[in-house]
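Computed from a predicted structure; not experimentally measured. Below, chains carry the letters A, B, ... as their sequence lines are ordered, and counting in each starts from 1.
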Number of protein chains: 2
Amino acid sequence: MKKYLEILKKCPLFDRIEEDRLLTVLDCLAAKVISFDKKYTIMAEGNAAKYIGIMLSGSAQIVQIDYYGNRSILSGIGPTEMFAEAFACAEVGAVPVSVIANEPCDVMLINCDRILHTCRNNCGFHQQLIFNLMKDLATKTILFHQKIEITSKRTTRDKLMAYLMFQAKKAGSHRFSIPFDRQELADYLEVDRSGLSAEIGKLRREGVLESHKKNFDLL
Amino acid sequence: MKKYLEILKKCPLFDRIEEDRLLTVLDCLAAKVISFDKKYTIMAEGNAAKYIGIMLSGSAQIVQIDYYGNRSILSGIGPTEMFAEAFACAEVGAVPVSVIANEPCDVMLINCDRILHTCRNNCGFHQQLIFNLMKDLATKTILFHQKIEITSKRTTRDKLMAYLMFQAKKAGSHRFSIPFDRQELADYLEVDRSGLSAEIGKLRREGVLESHKKNFDLL
DNA sequence: CTCCATTTGTTGAAAATTCAACAGAAATTC
DNA sequence: GAATTTCTGTTGAATTTTCAACAAATGGAG
């Protein structure tokens, strides 16, 4: 567990938990670590929603696959980030999404009950964890607002531009790279991949942007 | 303030706060009540995100208006429900949405700082309020998941059917009524109103559903 | 380096959405 | 209760997306 301390220190769940107490906390929470290979399913839609996930290394995506096989990417998850926390906290029965590994990754799983309901040792840090969870959930809600703001646009072009603007703002520069390949970006924007490629080509010819793979430059 | 106690008891923020302490709590939080007429703006996009809102009577909608004037409805708000809590809790500068009154309504506003940061009187209920906020934010996150699941469908028909299925499930019956008129439903589903009307007509002729205004019956 | 699998860009046809305009129904106002 | 405003459904044309198929470019494995 020790080797993950550097990552865990940066996880929003453990904000303001002193490093020298972190191991004790993890013990009290009965945290466990599981490794997954690329493309493996970390959580499957329909699974019991008991666990909060923390990505320790590697990356994954939160996806929904509908009826016809259309994939919708809700978000990407990188090291220090949490996932499935809303389903665990809201105590809904099952997760309505799947979490799929992008690459080999290590994941920490914590049974949410251990956080929400004070343990018999009365460890005293539960209040801080609950506060941190609240902050995290508020942040996630805002990310969803952004995704909805982007995907509520009616054309591929407008969705793409809205997404790129957000990314530029986040990067603090007109040059930035995105965490998605073309198919993934299409699944995040909820549009057709080939139409997306065509639109990027058109924007390039119009001199609105330059792009090479995952790198973009808004002119 | 007293006349709102019955409503406030049912607000998730005050879950497990005893009724006879509620007035004290409201006082400590410096809660205030403001009334709005139909169509009035309760919060405007860009306003400081300091306050958590609680709808006491009447109803409102959370909307985003883009560049071209397209309205996107994020959700509807009825009595006992909270709004803007994510922006206040995440301590982002400004609210990225507007809240518009559907009808005359009374709204309680609470400065979020008063909840998050324990007051000097050390009232002791802040922990419960933070826990309640966490629960509420988790629930809101799930509602956004549902909206994304619905709007990520590619056709008006699929969006509409996904929405109606959720409503039927929520109502626990194949007969139910929805909280939106046609234009509002279109703005929630992020589709064209006339196309939506056409699709409802088609589904009716196909015998998939019956509908009269806001009332639906899935056959 | 070569082969193979994956990713990206392009195209044209089919399908669906959006847009604008209008008419009838319903609700509200005075 | 008459007049006016709002809401709903319908239509056809223009725009846009989706779908399928393919070729070029890229990247990795052996």
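Close to D:dT10, at under 4.0 Å from its OP1 or OP2, lies no side-chain N or O of B:Ser194. The phosphate of D:dT17 has neither OP1 nor OP2 within less than 4.0 Å of any side-chain N or O from B:Arg154. Contact between the side-chain N/O atoms of A:Lys213 and the OP1/OP2 oxygens of D:dG27 is found at a separation under 4.0 Å.
Two rings, from A:His174 and A:Phe216, have their centers 6.0 Å or more apart.
Residue-to-nucleotide proximity on DNA chain C shows that, of B:Gly195 and A:Ile200, the 5′-proximal contact is made by A:Ile200. Residue-to-nucleotide proximity on DNA chain D shows that, of B:Lys39 and B:Ala198, the 5′-proximal contact is made by B:Lys39.
Separating the CZ atom of A:Arg182 from the P atom of D:dA25 is a distance of 16 Å, rounded to the nearest angstrom. As a whole-Å value, the separation of B:Leu185 CG from D:dC7 C1' is 14 Å. A:His212 places its NE2 atom 12 Å from the C1' atom of D:dG27, with the value rounded to the nearest Å. In this structure, the CZ atom of B:Arg204 is 12 Å from the P atom of D:dT8, given to the nearest Å. What separates CZ of A:Arg193 from P of D:dA21 is a distance of 14 Å, to the nearest Å. Per the geometry, CG belonging to A:Leu196 stands 13 Å off C1' belonging to D:dT18, to the nearest Å. Spacing between atom CD of A:Glu199 and atom P of D:dT15 amounts to 15 Å, rounded to whole angstrom units. Atom CG of B:Leu203 and atom C1' of D:dT8 are 16 Å apart (whole Å).
Here B:Asp192 lies in heavy-atom contact (under 4.0 Å) with a base. Residue B:Ser197 is in base contact, counting any heavy-atom pair closer than 4.0 Å across all strands shown.
For the 3.5 Å distance criterion, the side chains of A:Glu45 and A:Ser98 fail to qualify, holding no donor opposite an acceptor. For B:Gln61 and B:Ser75, the side-chain atoms include no donor-acceptor pair closer than 3.5 Å.
In the 5' to 3' direction, nucleotides of DNA chain C lying under 4.0 Å from heavy atoms of chain A begin and end at C:dT8 to C:dT18.
Among all heavy-atom pairs drawn from B:Gly58 and B:Cys105, the shortest one is CA-CB, 3.7 Å. Scanning all heavy atoms of the two residues, the minimum distance from B:Ser57 to B:Pro79 falls at CA-CG, 4.4 Å.
Annotation: cation-pi pair B:Lys214/B:Phe180 absent, no NZ/CZ under 6.0 Å from the ring centroid and within 45° of its normal.
The 12-atom threshold is exceeded at CZ of A:Arg204, counting heavy atoms of other residues, nucleotides or ligands nearer than 6.0 Å.
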